[in-house]
Amino acid sequence: MRHWLLKSEPDVFSFDDLKKRPKKTEPWNGVRNYQARNFMRDGMEVGDLGLFYHSNAAVPGIAGLVRISRTAYPDPTQFDPSSEYHDPKSDPEAPRWLMVDVTWAADFPSYVSLDAMKQDPALEGMLILRRGNRLSITPVEASHFEHICQLGGLNALP
DNA sequence: GCCAACGTTGGC
DNA sequence: GCCAACGTTGGC
């Protein structure tokens, strides 16, 4: 099993929003970056766990855990002219953009702020902490993942 | 709202 | 295939 970090702007779609969805599940649409798409397509499997990261937030950081509940499939918003994610260059015969389904997995008893992560020597080298990092989906090493769960007050993985 | 860093676009 | 210009991201 692999571990991931998924960014979302809480003003657009927050961890609490995910919990309110039917089956606490949401298609992770709108990814329009090839590297992030490739992580979904080539790396993600059902059962993988992910850190739900709030970007562009008053306090950026990890809000909780999600699980990948469906492997990559075409993102319909690329073919929807009314969608902000519409991509007129994408060919319906060979969809350019994919998404996975993400399901709530566990709350963090305490929020893990980006600042706390930066201060923690155990998390040195994490992609999210690299200057200028803009990838919305990144793989996370198991040791980093487990350490962040501890910081979040989660004693046992779901 | 500022701005550094980055990915994408398109002219050549 | 280079690279300048541009748009976007995201912390601050």
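Just the heavy atoms: all of them, side chains too, but no hydrogens, waters or symmetry mates, feed the values below. In what follows, every chain begins at residue 1, and chains take the letters A, B, ... in the order their sequences are listed.
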*Once each nucleotide of nucleotides 5-12 of chain C is scored for protein heavy atoms under 4.0 Å, what B/S/- sequence comes out, 5' to 3'?*
--BBSBBS
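The list of salt bridge (Lys or Arg N to Asp or Glu O under 4.0 Å) pairs with a residue in residues 119-145 of chain A, not counting sequence neighbours, is empty. Within the structure, ring pair (Phe, Tyr, Trp, His ring centres under 6.0 Å) pairs that include any residue of residues 138-158 of chain A comprise His3(A)-Phe145(A) (at least two apart or interchain).
The other members of the hydrophobic cluster of Trp97(A), by chain and number, are Tyr34(A) (side-chain heavy atoms under 4.5 Å, ILVMFWY only).
Take Tyr53(A) and apply the ring-ring contact (aromatic ring centres under 6.0 Å, His included) test, not counting sequence neighbours, and it matches no residue.
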Run the side-chain donor-acceptor check on residues 63-71 of chain A: report pairs under 3.5 Å with partners two or more places apart or on a different chain.
from, atom 1, to, atom 2, distance (Å)
Arg67(A), NH1, Gly47(A), O, 3.0
Arg67(A), NH2, Pro158(A), O, 3.1
Ser69(A), OG, Asp101(A), O, 3.3
Ser69(A), OG, Thr103(A), OG1, 2.7

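Annotation: of the two residues near DNA chain B, Lys89(A) and Arg131(A), the 5′-most nearest-nucleotide partner is Arg131(A).
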